[in-house]
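Every chain is numbered from 1 and lettered A, B, ... according to where its sequence line falls, protein lines coming before strand lines.
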Amino acid sequence: MTMRSVERIHAGRSVRRLGSFHAAAEDLHLAQPSISARVKELESALNVQLFVRQGPRIRLTAEGHALIELADRTLGSASELVERFRTRDPLRGLLRLGMNESFALVSATDLIERIERHYPALRTSIFVGDTGAVSQMLAGEQLDVAIVSEAHVPGHVKQEVIGKNRFGWFAHAGFPVTREALSPSDLGSLHLLISPPTARLHETVLKWFTDARVTPERVSLR
DNA sequence: GTTGCACCGGTAATGTTAAC
DNA sequence: GTTAACATTACCGGTGCAAC
């Protein structure tokens with residue numbers, strides 16, 4: 001992309017933001033014909049009409065809206081990149097954070113509050129899902145940090161243990177518990193409600209039954 | 001190093017058009 | 001009719017490049 005192309009896109013963004021070529025010209029410290037020419041060059045180069053001219057009134061077309069939205073995101077990312085490397089501070093910009101549902105239920109609010117307090121220049125986007133889905137996104141570089149249980153992650157991802165997650169069974173209050181620890185054979189005949197197959201917990205629970213040579217009679221996914 | 005030319009991008013002036 | 005805003009045109013200055 002040439003500098004001239006970037007200038008054309010800046011002109012288009014400014015016209016969209018301020019609502020007129022005249023205002024955009026003032027904003028960019030240029031004369032109105034320069035803005036008019038830049039927008040026209042941009043339209044010609046892309047072979048699309050970005051603005052509908054109705055005499056002295058202009059209206060953004062759907063294609064214009066789409067292009068400038070994309071330009072905003074792209075140039076915004078470019079500015080963020082420049083700022084990040086200029087300041088040598090990695091803790092700014094957007095942090096894509098993923099977490100499994102159990103962690104999200106218990107600690108998400110506290111974690112986000114701490115991040116915002118300690119790193120005010122950092123914006124966070126949160127994805128909550130089961131461990132399988134979150135790990136997959138992390139491996140695919142769709143997330144920067146993920147909090148999961150029993151993660152199987154590729155080599156480029158650094159792992160750090162932050163705590164232990166204890167599993168437990170939950171049952172109706174009237175369920176007859178005859179001893180402290182239940183075995184797979186105690187539960188195999190019941191209707192079990194467990195996590196979906198993408199969750200690590202699903203695999204863990206089924207392995208618990210398989211190791212004891214018990215096949216659960218009825219399993220539903222939540 | 002200097003000169004002349006072409007090209008590009010800018011501005012000022014003017015025309016055009018729609019809203020009031 | 002007036003006003004405001006975009007389009008068009010003419011002209012100017014800076015820059016790159018080839019020729020000398």
Side-chain angles (χ1 to χ4, degrees), chain A residues 1-99 104 108-109 111-129 133-134 136-146 153-158:
Chain A
M1 185 185 283
T2 63
M3 279 303 293
R4 183 64 178 169
S5 300
V6 173
E7 288 174 349
R8 290 170 184 157
I9 293 169
H10 271 304
R13 292 174 73 203
S14 192
V15 171
R16 200 276 293 254
R17 182 166 55 85
L18 299 170
S20 79
F21 283 50
H22 187 80
E26 286 190 350
D27 182 50
L28 297 176
H29 306 293
L30 295 171
Q32 171 262 319
S34 296
I35 299 298
S36 183
R38 286 185 182 187
V39 171
K40 189 170 285 184
E41 287 166 5
L42 183 61
E43 291 177 322
S44 177
L46 299 174
N47 198 28
V48 296
Q49 188 175 14
L50 304 178
F51 296 93
V52 175
R53 283 83 162 171
Q54 299 166 310
R57 301 278 175 267
I58 59 165
R59 180 169 53 81
L60 192 65
T61 64
E63 285 172 316
H65 187 81
L67 179 128
I68 291 172
E69 282 289 312
L70 180 60
D72 281 344
R73 288 201 301 274
T74 305
L75 295 177
S77 297
S79 300
E80 188 175 294
L81 183 147
V82 169
E83 182 66 11
R84 179 174 294 191
F85 280 85
R86 190 181 66 78
T87 60
R88 293 291 190 271
D89 179 5
L91 294 175
R92 62 170 56 242
L94 178 66
L95 173 71
R96 300 167 301 172
L97 177 62
M99 59 184 73
T109 307
L111 175 64
I112 293 166
E113 190 272 328
R114 288 190 191 197
I115 289 173
E116 289 177 350
R117 190 171 67 240
H118 286 94
Y119 308 105
L122 197 63
R123 291 178 292 113
T124 51
S125 72
I126 309 292
F127 175 80
V128 177
V134 174
Q136 196 172 7
M137 289 181 71
L138 182 67
E141 300 184 6
Q142 294 171 277
L143 294 172
D144 300 308
V145 178
V153 294
H156 71 275
V157 176
K158 183 183 178 185

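- Contact annotation: the side chain of A:Leu111 approaches that of A:Leu97 to within less than 4.5 Å [non-hydrogen atoms, C-beta and beyond].
- Nearest nucleotide to the side chain of A:Phe21, out of B:dA12, B:dG10, C:dA7: C:dA7.
- With hydrogens and angles ignored, the 3.5 Å screen pairs no side-chain donor or acceptor of A:Asp144 with any backbone N or O of A:Leu95.
- Between the CZ atom of A:Arg16 and the C1' atom of C:dC6 there is a distance of 20 Å, rounded to whole Å.
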Item to complete: Take A:Glu116 and A:Arg123, measure what salt bridge (Lys or Arg N to Asp or Glu O under 4.0 Å) needs, and give me the verdict at the end.
Response: CA-CA 8 Å; A:Glu116 289 177 350; A:Arg123 291 178 292 113; over 6 Å; no
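- Between the CZ atom of A:Phe51 and the P atom of C:dA5 there is a distance of 16 Å, rounded to whole Å.
- The A:Ser34 side chain lies nearest to B:dG10 when the options are C:dA7, B:dA12, B:dG10.
- For C:dA5, the base has no donor-acceptor partner in the side chain of A:Gln32 [N/O atoms by modelled type, under 3.5 angstrom].
- Side-chain N/O atoms of A:Ser36 include one lying less than 4.0 angstrom from OP1 or OP2 on C:dA7.
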